[in-house]
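One structure is given here, and the rest of the page talks about it.
Lettering follows sequence order; numbering is per chain, from 1.
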Number of protein chains: 2
Amino acid sequence: MITIKDVAKEAGVSIATVSRVLNNSPKVSEETKRKVLEAINRLGYSPSFVARSLAKKTLKTNVISIVVPFFTRDFFMEVLRGINSVISKSDYSIHLYNVERIEDKERVFSKEVFNRCDGMIVVSLNIQKKEAEFIKETGKPVVLVDSYHPEFSSVYVDNKKGAYMAVKYLITTGRKKIAFVSGAINDPLGCMASYKRYEGVLEALREAGLEFNPLLHIQTGFSLEKGYRAGKILLNRGIPFDAVFCTSDIQAIGVMSALVESGLKIPEDVAIIGFDDISDARYLGLSTVRQPMGEMGEVGAKVLLDLLLGIDSSFIHLELPLELVIRLTS
Amino acid sequence: MITIKDVAKEAGVSIATVSRVLNNSPKVSEETKRKVLEAINRLGYSPSFVARSLAKKTLKTNVISIVVPFFTRDFFMEVLRGINSVISKSDYSIHLYNVERIEDKERVFSKEVFNRCDGMIVVSLNIQKKEAEFIKETGKPVVLVDSYHPEFSSVYVDNKKGAYMAVKYLITTGRKKIAFVSGAINDPLGCMASYKRYEGVLEALREAGLEFNPLLHIQTGFSLEKGYRAGKILLNRGIPFDAVFCTSDIQAIGVMSALVESGLKIPEDVAIIGFDDISDARYLGLSTVRQPMGEMGEVGAKVLLDLLLGIDSSFIHLELPLELVIRLTS
DNA sequence: AATTTATAAGAAAACGTTTACAAAATGAGT
DNA sequence: ACTCATTTTGTAAACGTTTTCTTATAAATT
């Protein structure tokens, strides 16, 4: 391994000078700078990141940790794409932590992880009191995407309102028996989206004087298959319904295929509205509540980058708008 | 910041002893071990990763770099999921590099990146001679997923054969004018999949004495929208075709919706076969060439983990099988 | 020419660990 | 009680940088 010493010898200067060139300190003559640069080139030297971090007071790692549950889901993919599009233009690289179980979450909020990065983006996970304290102690900036906490910069949408808009629209267009396919209302990892959307559904129904029928509510996973099964279950229960609101497009697509399979016409017999507006939704003509997935990621990443630059004024709580997109299924 | 010195003082021993406890060296009495552990606990000490790496000869980072182009595409997502499912069980964490442009690729094969990880998984990218030499120099293990190079462990499928199977099937079932929707044949990043599949198409046609009509070949991106447009273009050209083979399911779904929109019946008028077998394919009844996306990732990650353990016998060139899945579109 | 001031370069002390080596402490065998 | 081996502990030298002092050199002021 080639070290700064080798470079110093090759260039005929001291290691201090080499270091200064490396950190382009102004206090070094053009002449020696050239010599050192040449030596570096000749030897193909690249400074040890580890030694560097140790010597500098500030343990800069140039790494941003991203914590995301089930990162293979469409929503998280889109958020990740947004984050990545910003970060890949900086000189930070990405540490990715996929959390699917409680243990994973615990592992992430540890010194080991925080020691190795300069900042963190947490997607969709709720920050508990203990975790918040821990983060504060590390002193490193953390921004929340699709989640809210008073003490951390957050970029999010109003999930309750989104669901409210969708269900209200269904009601306005004459639907009276509205089924609801959601993720787990009490998510063990603390993803609040399903819960908030549940609240929105309740509010819209209450406002219209309609009753919420728990038998028309299915809690299930975020996949096409799970949506398909939810559709089957709803049909099997034999309770009539004329609309389905789903907490994700992928579930909605699954529900839709189950209904179509049973000979139901959409939207004549049953209207369907999803959530997210993934690209498939456009092509399938699925009505949905569009949330700016990529943008949430982008904005979150930008905010973190600013915080890392020390721009404290970039602390922010930003709500991005949702949009009800009506297509062919409602 | 709490250092090993503080712990030593608190426990009333020397820093060497603390270090021994940390690295659970056998040469330390139970009694002192307990004292040290207590002190560590009391102080909430966590060793500096950076100092540690510097002191150890072997600069272990406990990081695995994953290099993947356009990681938001279904195929790469599935591969990533496979990789992650293995790595998340180890104590390695993941550095993710998304490469979309040539510059990105150059940036990745650099000392800066290799210094910060113990090994690398490269997905779908072709390794050039220069890059291979560079990697060899670093001495760090690299495994290739969905790509092949004689000098590196590789896990891959036979793309040529996959395309051959699909097209041969179409021919066997009476199709004569077969369109081909692919990614770029000469991918600037060196993804060989489209090229290999192109070869497979040519071979199947030649074998059957059919001619390849370049006007029935569209090179485009891997998205539903691009597939949709490809379908439109094919229709607009006015050249009759009775089948379409696509290099990905997502393109196939796009093509399909364009054809259906024009009133064509599938598979009566036009048969369609995709590639990948993403979950949507099953629900949409899309015929396809299934490749074990998740498994490629899993196996690749396992091989890398073994190599990192120093098990040199785990160097491997492994071809995983493809399977032609016939559903409703062919 | 002698003094001061700027500027450029070097010497050496950090940074927080690990580890080879030396030194105690313990215990067994006489 | 005395040596010798064995275990446990401490001391100090690495690891590859940065950075604070110094010091040497050149330029500017008297």
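- A rotation axis mapping the C1' atoms of four pairs onto the next four is fitted at both ends of the helix from C:dA1-D:dT30 to C:dT30-D:dA1 over five pairs, and the angle between these axes is 50° to 10 degrees.
- Across all non-hydrogen atoms, the minimal contact from B:I127 to B:A132 is CG2-N, 3.7 Å.
- Counting heavy atoms from C-beta on, the side chains of A:F134 and A:F114 come closer than 4.5 Å.
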Show me the donor-acceptor pairs within less than 3.5 Å that the side chains of residues 82-90 of chain B make with the rest of the protein, sequence neighbours left out.
| from | atom 1 | to | atom 2 | distance (Å) |
| --- | --- | --- | --- | --- |
| B:S85 | OG | B:G82 | O | 2.8 |
| B:S88 | OG | B:N84 | O | 3.0 |
| B:K89 | NZ | B:S85 | O | 3.3 |
| B:S90 | OG | B:I87 | O | 2.7 |
| B:S90 | OG | B:Y92 | N | 3.1 |

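- Taking 4.5 Å as the limit, some side-chain heavy atom of B:F109 sits within range of a side-chain heavy atom of B:I135.
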Problem - Sequence-aligned protein contact record of nucleotides 14-28 of chain D, with B where the base is within under 4.0 Å of a protein heavy atom and S where only the sugar-phosphate is - result: -BBBBBB--------
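- A:V7 and A:Y45 get closest at one heavy-atom pair: CG2-CG, 3.5 Å.
- Between B:F315 and B:F152, the shortest heavy-atom contact is CE1-C, 3.7 Å.
- Residues of residues 28-41 of chain A that place a heavy atom closer than 4.0 Å to DNA chain D do not occur.
- Residue pairs meeting the side chain to side chain donor-acceptor pair (under 3.5 Å) criterion with at least one member in residues 10-22 of chain B, sequence neighbours excluded: B:E10-B:R42, B:S14-B:T17, B:S19-B:N23.
- Applying the side chain to side chain donor-acceptor pair (under 3.5 Å) test to every pair with at least one member in residues 27-41 of chain B, sequence neighbours left out, gives these pairs: B:S29-B:T32, B:E31-B:R34, B:R34-B:E38.
- The environment of NZ in B:K136 is crowded: more than 12 heavy-atom neighbours from other residues, nucleotides or ligands sit within 6.0 Å.
- Atom NZ in A:K27 sits roughly 16 Å away from atom P in C:dT5 (whole-Å rounding).
- Just one residue in the list A:D146, A:D187, A:L189 forms a side-chain contact (heavy atoms from CB on, under 4.5 Å) with A:L125, and that residue is A:L189.
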